[in-house]
Amino acid sequence: MADDATILLDQALRDLEAAADEPAVEAWRIAVLGRNGSLNALMSRIGAIPTDERRAFGAAANQMKQQMEAAFAERNEALRRASLERETAQAIDVTLPGRPLAIGHYHPTTQIVREISGIFERMGFSVVEGPEVEWDYYNFEALNIPKDHPARDMWDTIWVSPEGPRAEKPMLMRTHTSPMQVRVMEQTEPPIRVIVPGRCYRYEATDATHESMFYQIEGLAVDEGIGLADLKGTLYEFARQMFGEQRKVRFRCDYFPFVEPGVDMSIDCFKCDGKGCRTCKNSGWIEILGAGMVHPEVLRRAGYDPDRYTGFAFGMGPERVAMLRYGIEDIRLFYANDLRFLRQF
Ligand code: YSA
């Protein structure tokens, strides 16, 4: 009987050692320690033992049971720990180098708008912003462009009001930043020196230098005694800081109903050095802004006395400035969301 017990214990401990996972250990528990298990089967044979040996047998069997239960608990714990270690090892490999974070940067337009704004800020201009959805009044009327005036054709307008320009109070996506000239003058007394960066929208057939959504930076200076020389001096200084001394600058007469006289300013084409190419439409020049002396009628509408105050204004295309600065051949690249292009800046 005692031999049977020793054999049972040895065998059971070997089986437990061989149980490779938690279900196998549980099966072992049922087979050995369970109600119908081998330990109980051994105990049930106590009746066949001589009375004087029963006490010793009972004590030995109990000790054996405790030994098996302890071995079971230990094996269970060892398996649980091993499986936890396996899972942890799969989830985190602390020796792996970290994944590099993708670090973004400002869009090239934002970069150039900030750079241009910085140049004018150093010349004493402050930066203001205005609404992209605008009233017809500020975009056209207050700028000396009444309804049905042919000059409206210069700006291919995207209307917000469903009836278009025939609405009672027509609303549109601003076609330029010039409406902010009027808004600023309505709210401020001279002297004024502001620049207004922001998006503009035109119903435009796009090409290498025209987008339907693009930026402009408006400039406005109003004070007593401001003349065309101040306009040219300011813009020359801007061109010198932005493009360097060697770049050629061209002023020509131009027409805008809200200035008198009006000019536009071009820079010689970076691509062909002024010889003529696709980017400059064979002209050798890339126009970057329209400008002029603020029309007396615009000053009067804004509540200023045009006999006392004069001013200059300009509207610049920062994408065109960036094209000249970085040698970008097509403005449509700016908003095509191609990271191969954007990552270069
Ligand atoms: C004129 C006189 C002033 O006293 C003040 C402002 C102006 C500019 C006027 N408001 C205007 O919008 N003129 S413009 O139509 O010739 O545009 C000015 C500049 O914006 C252009 O020189 C160009 O650089 C840019 N631009 C115009 N249309 C564009 C564009 N850039 C990209 N895509 C377009 N579709």
Side-chain angles (χ1 to χ4, degrees), residues 108-109 112-113 116 120 130 134 138-140 142-145 151-158 172-185 192 194-222 226 228 230-232 234-235 238-239 242 249-267 269 279-281 283 285-299 302 310-325 328 330-335:
T109 305
I112 203 80
V113 166
I116 296 169
F120 284 103
E134 186 54 281
Y138 286 109
N139 200 83
F140 292 128
L143 290 170
N144 224 8
I145 315 172
R152 287 205 177 202
D153 295 346
M154 289 163 70
W155 292 276
D156 300 300
T157 310
I158 299 170
L172 44 84
M173 302 303 294
R174 68 175 173 195
T175 57
H176 51 176
T177 42
S178 299
M180 276 303 285
Q181 288 186 28
V182 183
R183 286 181 179 274
V184 168
M185 285 194 280
I192 290 176
V194 290
I195 53 162
V196 188
R199 291 188 197 90
C200 305
Y201 304 82
R202 292 187 195 177
Y203 185 62
E204 189 93 70
T206 64
D207 61 26
T209 51
H210 292 84
E211 254 295 1
S212 47
M213 191 287 293
F214 57 96
Y215 277 69
Q216 278 191 348
I217 298 181
E218 192 78 7
L220 175 69
V222 184
I226 287 194
L228 194 64
D230 298 305
L231 167 65
K232 286 185 80 175
T234 306
L235 292 178
F238 159 74
M242 180 53 82
V249 177
R250 181 185 75 177
F251 280 97
R252 283 193 313 184
C253 292
D254 202 348
Y255 168 70
F256 301 100
F258 37 96
V259 287
E260 183 55 40
V263 295
D264 65 41
M265 177 173 139
S266 302
I267 309 287
C269 179
T279 302
C280 61
K281 296 211 203 81
S283 70
W285 298 93
I286 295 183
E287 181 200 300
I288 61 162
L289 60 86
M293 297 302 295
V294 182
H295 198 288
E297 190 51 36
V298 175
L299 292 169
T310 50
F312 69 75
F314 58 85
M316 172 187 314
E319 292 93 347
R320 301 240 184 119
V321 174
M323 287 171 80
L324 285 157
R325 179 72 181 276
I328 299 165
D330 198 315
I331 197 170
R332 288 166 292 196
L333 287 165
F334 280 85
Y335 306 113

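Quick note: residue numbers are just sequence positions, from 1. Ligands are counted one by one from 1 in listed order, and the atoms in each one are counted from 1 as well.
- When heavy-atom distances to ligand 1 are checked against a 4.0 Å cut-off, V294 has no atom that comes that close, whether in backbone or side chain.
- For Y203, the OH atom is loosely surrounded, since the number of other residues' heavy atoms within 6.0 Å does not exceed 12.
- Checked against a 3.5 angstrom limit, the closest N/O atoms of M316 and ligand 1 fall outside it.
- Note: an N/O pair closer than 3.5 Å links G317 and ligand 1 by distance alone.
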Derivation of the side-chain contact (heavy atoms from CB on, under 4.5 Å) call for I116 and M316: CA-CA 10 Å; I116 296 169; M316 172 187 314; 3.9 Å; yes
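- With values rounded to the nearest 0.5 angstrom, L289 atom CG is found 7.5 Å from F238 atom CZ.
- In this structure, E218 has a heavy atom closer than 4.0 Å to ligand 1.
- The residue among V259, D264, I286 with a heavy atom at the shortest distance from atom 4 (O) of ligand 1 is V259.
- In summary, the atoms of ligand 1 found under 4.0 Å from a heavy atom of L289, numbered by their order in the structure, are 22 (O).
- Within the 4.0 Å heavy-atom criterion, the part of A291 lying near ligand 1 is the backbone and not the side chain.
- Side-chain contact between L143 and P257: absent, with no pair of heavy atoms (C-beta onward) separated by less than 4.5 Å.
- For V321, the heavy-atom gap to ligand 1 stays at 4.0 angstrom or more.
- Where the criterion is an N or O separation shorter than 3.5 Å, residue side chain and backbone included, E287 meets it with respect to ligand 1.
- In this structure, OG1 on T175 lies 5.5 Å from CZ on R202, to the nearest 0.5 angstrom.
- The part of Q216 lying near ligand 1 is the side chain, judged by heavy-atom distances below 4.0 Å.
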Test side-chain contact (heavy atoms from CB on, under 4.5 Å) on T177 and I217; report intermediate values, then the result. CA-CA 7 Å; T177 42; I217 298 181; over 6 Å; no
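- Distances between N or O atoms of H176 and those of ligand 1 include at least one value under 3.5 Å.
- Residue F312 places no heavy atom under 4.0 Å from ligand 1.
- Considering only heavy atoms from C-beta on, E260 stays 4.5 Å or farther from M293 through its side chain.
- Where the criterion is an N or O separation shorter than 3.5 Å, residue side chain and backbone included, F256 fails it with respect to ligand 1.
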Pair R183, E134 - check salt bridge (charged side-chain N to carboxylate O under 4.0 Å, His left out), show working. CA-CA 11 Å; R183 286 181 179 274; E134 186 54 281; 2.7 Å; yes
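- In this structure, M293 has no heavy atom closer than 4.0 Å to ligand 1.
- Within the 4.0 Å heavy-atom criterion, the part of F314 lying near ligand 1 is the backbone and not the side chain.
- The part of I288 lying near ligand 1 is the backbone, judged by heavy-atom distances below 4.0 Å.
- Closest to atom 19 (C) of ligand 1, if we only count protein heavy atoms, is G315 O, 3.6 Å.
- Close N/O approach between E319 and ligand 1 is not found [any backbone or side-chain N/O within under 3.5 Å].
- Two residues are said to be in side-chain contact when any heavy atoms from C-beta on lie closer than 4.5 Å; R152 and T157 fail this criterion.
- The minimum heavy-atom distance between S266 and W285, with the atom names listed, is CB-CB, 3.8 Å.
- The side-chain heavy atoms of I328 and E319, taken from C-beta on, include no pair separated by under 4.5 Å.
- At a 3.5 angstrom cut-off on N or O pairs, S178 counts as close to ligand 1.
- With a heavy-atom cut-off of 4.0 Å, R202 touches ligand 1 through its side chain alone.
- Counting heavy atoms under 4.0 Å from ligand 1, residue R320 touches it through the side chain alone.
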